[in-house]
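Quick note on labels: first sequence line is chain A, next is B, and so on, each numbered from 1. Small disclaimer: the values here were computed from a predicted structure and weren't measured.
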Number of protein chains: 2
Amino acid sequence: MSYYLHHGEALAFIRTLPDACVDALVTDPPYSSGGQYKGDRTSKTSAKYQRNDAGKRFPDFSGDSRDQRGYLAWCTVWLSEVYRVLREGAPVVLFTDWRQLPTTTDALQCGGFTWRGVVPWNKPHPRPSKGRFAQGSEFVVWGSKGAMADDGPCHALTPWIFSPPHFTRKIHLTEKPVELLREIVRIVPPGGTVLDLFTGSGATGEACIREGRDFVGCELSAEYYALAKERLERLPSLDG
Amino acid sequence: MSYYLHHGEALAFIRTLPDACVDALVTDPPYSSGGQYKGDRTSKTSAKYQRNDAGKRFPDFSGDSRDQRGYLAWCTVWLSEVYRVLREGAPVVLFTDWRQLPTTTDALQCGGFTWRGVVPWNKPHPRPSKGRFAQGSEFVVWGSKGAMADDGPCHALTPWIFSPPHFTRKIHLTEKPVELLREIVRIVPPGGTVLDLFTGSGATGEACIREGRDFVGCELSAEYYALAKERLERLPSLDG
DNA sequence: CCTTGCGATGAATCCATAT
DNA sequence: GATATGGATTCATCGCAAG
């Protein structure tokens with residue numbers, strides 16, 4: 001139930017960690033997705049993912065402008081380093097959207113992990129799209145460092161259906177619901193340590209604290225680092 | 001509300017069809033998945049996907065023994081030919097499991113189509129797996145032949161949650177629920193024609209008939225061809 | 001305190017226009 | 001000609017203000 005939050009770049013941070021010191025990676029990297037055109041990637045995240053008249057609500061986040069080759073290469077680099085700091089059999093859980101899903105499964109395996117599945121996060125009421133299927137899901141790509149123990153409780157026994165945090169209450173544009181993250185971090189035994197390289201608003205940290213798992217987070221942006229820190233500091237009093 | 005069922009090999013059948021004669025492809029190819037090891041692919045489907053004591057329940061189906069490269073190449077061949085027989089803007093809908101999902105998105109694009117999304121089919125009660133996330137979803141990879149019309153109704157406005165057909169009532173081992181297929185074929189305007197190259201038990205044909213879409217199916221196995229034919233023939237009387 | 005109504009929103013997508 | 005920008009579109013939901 002302790003946590004540590006680091007302000008800085010992810011790869012540099014991992015390299016400071018000793019071997020086999022964490023029990024899982026649960027992280028939500030910037031997808032570098034969100035559009036058919038190059039301009040959709042190169043514009044600011046606040047403009048890319050939001051209506052024009054709402055463009056000023058959330059601070060921009062960086063690292064969201066790679067093409068597919070670059071995304072694969074970048075993920076491979078930090079996943080390879082994460083491999084070293086994970087314990088044998090530890091799970092790796094990566095968020096992605098439909099566009100980057102295949103690249104993410106490649107990256108997981110390029111990093112040396114065994115790919116074990118894809119679990120959809122279903123949003124109950126996606127934005128409609130005329131004449132087509134709505135895109136109402138993001139995806140969790142997961143695997144492990146080598147063989148996994150096949151004891152322990154079962155997970156994801158029912159479909160994951162969670163609304164995204166409401167815009168008036170969320171801190172980060174792409175923040176995930178804490179209820180979903182609580183389901184996910186329960187794959188780590190109680191007291192285990194979860195690493196998140198792209199902490200953002202710190203939702204994964206909150207999930208860990210609420211579920212009794214230790215949390216090690218890393219965030220590049222000073223603004224989000226401060227927001228995540230504040231969020232986690234405020235948390236124990238909520239439980240009181 | 002008419003249907004045509006062909007007994008024979010898929011690629012040879014497509015080649016007999018004229019250009020731009022169908023409004024959608026909705027099909028469930030043999031995944032060639034179902035195992036981590038080579039032996040898992042080369043064994044009989046009836047043994048591969050079923051418990052030993054149930055091994056004689058369903059007839060074998062063929063074409064389920066390709067590795068990933070072979071699966072990509074094979075899908076690319078028939079998808080390229082399907083491109084020709086589809087009308088401009090027509091949707092393509094392919095079932096896949098998590099293991100073949102990335103290969104399927106590659107194949108769709110190798111066939112010349114625009115990839116537009118991934119929609120999960122969520123099973124309400126997946127088989128639990130100790131210490132891991134259950135694999136409770138299959139996936140619909142979809143796209144279109146070029147630009148799509150952006151009129152028409154919206155689809156998939158809520159997550160797809162459907163139980164697989166009960167084993168006492170299903171004909172094919174990997175049969176999809178008709179309710180799910182009805183949701184899917186509604187993306188074709190009423191009266192449009194849906195092509196299915198791997199008809200199996202004919203569930204997609206039943207969905208088309210119930211939704212007032214025309215159906216053109218193709219099945220290689222004499223046994224399943226007869227079963228699908230019987231299923232569709234029996235259907236009009238059910239509507240009364 | 002409860003109900004009603006209005007407005008804003010969404011890891012979106014497409015096309016027309018501008019650079 | 002290729003890329004970048006801006007506007008319009010979909011509707012169930014939630015927050016908030018008004019009654």
Geometric class of the B/Trp98/A/Trp115 ring pair [parallel <30°, tilted 30-60°, perpendicular >60°]: perpendicular

Plane angle bin for A/Trp142 and B/Phe133 - parallel if under 30°, tilted between 30 and 60°, otherwise perpendicular: perpendicular

Whole-Å distance separating the CZ atom of A/Phe139 from the C1' atom of C/dA11: 13 Å

From A/Tyr224 atom OH to A/Glu219 atom CD, the distance as rounded to the nearest 0.5 Å: 8.5 Å

A/Leu173 CG - C/dG10 P separation (whole Å): 7 Å

Donor/acceptor link under 3.5 angstrom from A/Lys176 side chain onto base of C/dA11: yes

Under 3.5 Å between N/O atoms: give me all the protein pairs with nucleotides 13-17 of chain D, atom names plus distance.
| residue | atom | partner | partner atom | Å |
| --- | --- | --- | --- | --- |
| D/dT13 | OP1 | A/His125 | ND1 | 3.4 |
| D/dT13 | OP1 | A/His125 | NE2 | 2.4 |

No-H, no-angle donor-acceptor pair, A/Asp28 side chain to C/dA11 base, under 3.5 Å: yes

Protein-nucleotide distance (A/Lys130, atom NZ; D/dC11, atom P), rounded to Å: 7 Å

Dot-bracket summary - DNA chain D, pairs being Watson-Crick or G-U whose distances fall under 3.5 Å, with | when paired to another strand: .||||||||.|||||||||

Under-4.0 Å side-chain N/O to phosphate OP1/OP2 contact, B/Arg116 with C/dC14: yes

Salt bridge (Lys or Arg N to Asp or Glu O under 4.0 Å) pairs, two or more places apart, involving residues 139-149 of chain B: none

